[in-house]
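Structure record follows, encoded as structure tokens.
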There are 2 protein chains.
Amino acid sequence: MPTIRERNKRLIIKTACQVFADKGFAATKTSEIADKAGLPKANIYYYFKSKEALYRAVLDSVIEPLLQANSHIYEQDEPARALQDYIRAKIRISREHADASKVFANEIMHGAPHLSPQHREQLKAEANASVARIQGWVDDGRMAPVDPQHLMFVIWASTQTYADFDWQIMQITGRKKLAAQDYDAAAKLITDMVLKGCEVVPCEA
Amino acid sequence: MPTIRERNKRLIIKTACQVFADKGFAATKTSEIADKAGLPKANIYYYFKSKEALYRAVLDSVIEPLLQANSHIYEQDEPARALQDYIRAKIRISREHADASKVFANEIMHGAPHLSPQHREQLKAEANASVARIQGWVDDGRMAPVDPQHLMFVIWASTQTYADFDWQIMQITGRKKLAAQDYDAAAKLITDMVLKGCEVVPCEA
DNA sequence: GTCTATACGACGATAGAC
DNA sequence: GTCTATCGTCGTATAGAC
């Protein structure tokens with residue numbers, strides 16, 4: 001059973017994540033987080049010693065789900081399978097954790113001023129491991145000799161864009177909200193493009 | 001000959017663009033813009049009636065260069081040529097107008113709260129025209145039947161990421177500053193992937 | 001643990017001399 | 001057209017009652 005403390009902290013972090021994603025750190029007022037969470041503002045400061053501390057807590061909570069997708073790169077031995085699972089997972093994250101993605105994107109875009117050195121290292125390590133894995137497939141002749149780093153950047157960018165820049169996607173597609181078929185279409189196109197680009201033959205879904 | 005008024009306005013807009021790109025609208029202090037431009041803060045307010053008016057002026061100044069790349073979609077009749085010119089142009093913009101790209105990305109990520117209805121329409125119209133052009137090539141059987149909207153999103157995302165998330169790119173590549181060869185490698189990979197994905201044969205550079 | 005009322009600092013904006 | 005000095009507001013953070 002969760003203590004009242006844990007329950008409230010979670011509520012505040014979750015609400016704060018939404019507002020930070022929407023407005024960015026500086027434009028977010030603690031009073032707005034409080035209102036949206038249905039709590040008086042002072043309550044926020046009872047659980048978090050400052051707005052920045054709350055923001056860091058949000059950043060922490062956001063990183064793990066965003067890194068989950070990486071597992072597919074390791075768990076699958078076959079390049080085609082690994083890449084298509086990875087892309088699908090990244091798209092699913094853009095759909096299910098859009099706020100998390102936006103908070104993180106904002107942080108990165110401004111040079112990650114609030115990201116702890118530990119997290120920086122963790123992200124770098126994950127990226128390097130994925131790059132090494134892809135390079136291994138290239139060396140084994142199991143895929144075309146693409147630059148693994150830039151391949152990662154393309155996959156990250158084109159999947160995360162459906163979360164970070166969802167406003168633009170909705171404007172162009174004319175949707176009020178992105179639906180399952182939109183994410184599926186995105187995943188299909190990105191997967192096709194990447195697999196053809198890497199010259200590996202797709203596995204069945 | 002530029003009037004002193006125009007010269008100062010330009011200096012302020014240019015400086016403001018850098019700071020807004022770095023910090024975002026809310027986190028930017030007008031005093032910082034003033035300091036960086038080597039002017040007293042009151043001077044900013046002599047030329048712009050408010051921080052928001054200055055920001056809107058920056059947004060205005062930023063849109064035209066960002067849309068220039070689109071011309072390649074119309075001016076080239078051959079899909080392969082058009083796409084590779086377009087990607088190269090987008091990458092060049094990410095290199096030469098990184099600040100502009102970041103300001104714009106920030107605005108879009110938060111739902112474009114400051115973008116004028118005219119600019120919204122203009123962007124939508126440009127996008128729709130590009131999409132129609134690509135659809136035309138598909139209908140003519142000159143490229144594989146890809147979804148033109150999602151193809152645009154992939155191209156936008158994967159080229160703009162080199163400006164908007166340059167911090168991350170530099171972290172992973174270990175560079176202190178991205179060099180010509182990095183942008184070239186990016187353009188090459190994205191172009192290869194898109195052309196293979198669309199099943200059109202590359203033109204010579 | 002919850003909440004009201006308030007202190008305090010920072011920053012946008014301006015008045016007014018030069 | 002330039003700049004100093006200052007005002008007013010807004011928002012973070014806290015004191016202290018319940």
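Everything numeric in this text was worked out from a predicted model, so none of it was measured. Sequence lines set the chain letters: A, B, ... in the order given, protein chains first and strands last, and positions in each chain run from 1.
- Atom CG of B:Leu11 and atom P of D:dG1 are 15 Å apart (whole Å).
- Place B:Lys49 and B:Lys29 on DNA chain C by their nearest nucleotides, and B:Lys29 ends up nearer the 5' end.
- Of the candidate nucleotides C:dT2, D:dG1, D:dT12, D:dG1 has the atom nearest to the side chain of B:Ile4.
- At whole-Å resolution of the value, OH in B:Tyr46 and C1' in D:dG1 are 5 Å apart.
- Atom CD1 of A:Ile44 and atom P of C:dT4 are 14 Å apart (whole Å).
- A straight line from CD of B:Glu32 to C1' of C:dG12 spans 15 Å, rounded to a whole angstrom.
- Using a 4.0 Å cut-off, no side-chain N or O of A:Asn43 falls inside it from OP1 or OP2 of C:dT4.
- Side-chain proximity of B:Ser50 to the nucleotides C:dA13, C:dT4, D:dT4 is greatest for C:dA13.
- A donor-acceptor pair under 3.5 Å links the side-chain atoms of A:Lys51 to the main chain of A:Phe25, judged by distance alone.
- The listed nucleotides are D:dT14, D:dG1, C:dG1; the one nearest the side chain of B:Arg5 is D:dG1.
- Summarising the geometry, the separation between CD1 on A:Ile12 and C1' on D:dT12 is reported as 15 Å, rounded to the nearest angstrom.
- In this structure, B:Glu52 atom CD and C:dG12 atom C1' are separated by 12 Å, rounded to whole Å.
- Contact annotation: B:Tyr45 does not reach the phosphate of C:dT14 (side-chain N/O to OP1 or OP2, under 4.0 Å).
- Using a 4.0 Å heavy-atom criterion, one finds that B:Tyr47 contacts the sugar-phosphate atoms exclusively.
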Report task. Output, in order, the C-alpha distance, side-chain angles, deciding distance and verdict of side chain to side chain contact (heavy atoms under 4.5 Å, CB included) for A:Phe48 and A:Lys9. Result -> CA-CA 8 Å; A:Phe48 299 92; A:Lys9 280 186 84 167; 4.0 Å; yes
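- As a whole-Å value, the separation of A:Ile33 CD1 from D:dA13 P is 11 Å.
- Evaluation of the salt bridge (Lys or Arg N to Asp or Glu O under 4.0 Å) test over residues 97-116 of chain A, restricted to residues two or more places apart or in two chains, returns A:Lys102-A:Asp166.
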Query raised in the report: Which is it for A:His150 and B:Tyr162 under the ring pair (Phe, Tyr, Trp, His ring centres under 6.0 Å) test, yes or no, and what are the steps along the way?
Result: CA-CA 10 Å; A:His150 290 290; B:Tyr162 288 88; 5.6 Å; yes
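- A distance-only check finds no donor-acceptor pair linking the side chain of B:Gln149 to the backbone of B:Val131 [under 3.5 Å].
- Here A:Thr30 reaches the OP1 or OP2 of D:dT12: one of its side-chain N or O atoms lies under 4.0 Å away.
- In this structure, B:Phe25 places its CZ atom 10 Å from C1' of C:dG12, rounding to the nearest Å.
- Comparing atom distances between the B:Leu39 side chain and each of D:dA15, D:dC3, D:dT12 picks out D:dC3 as nearest.
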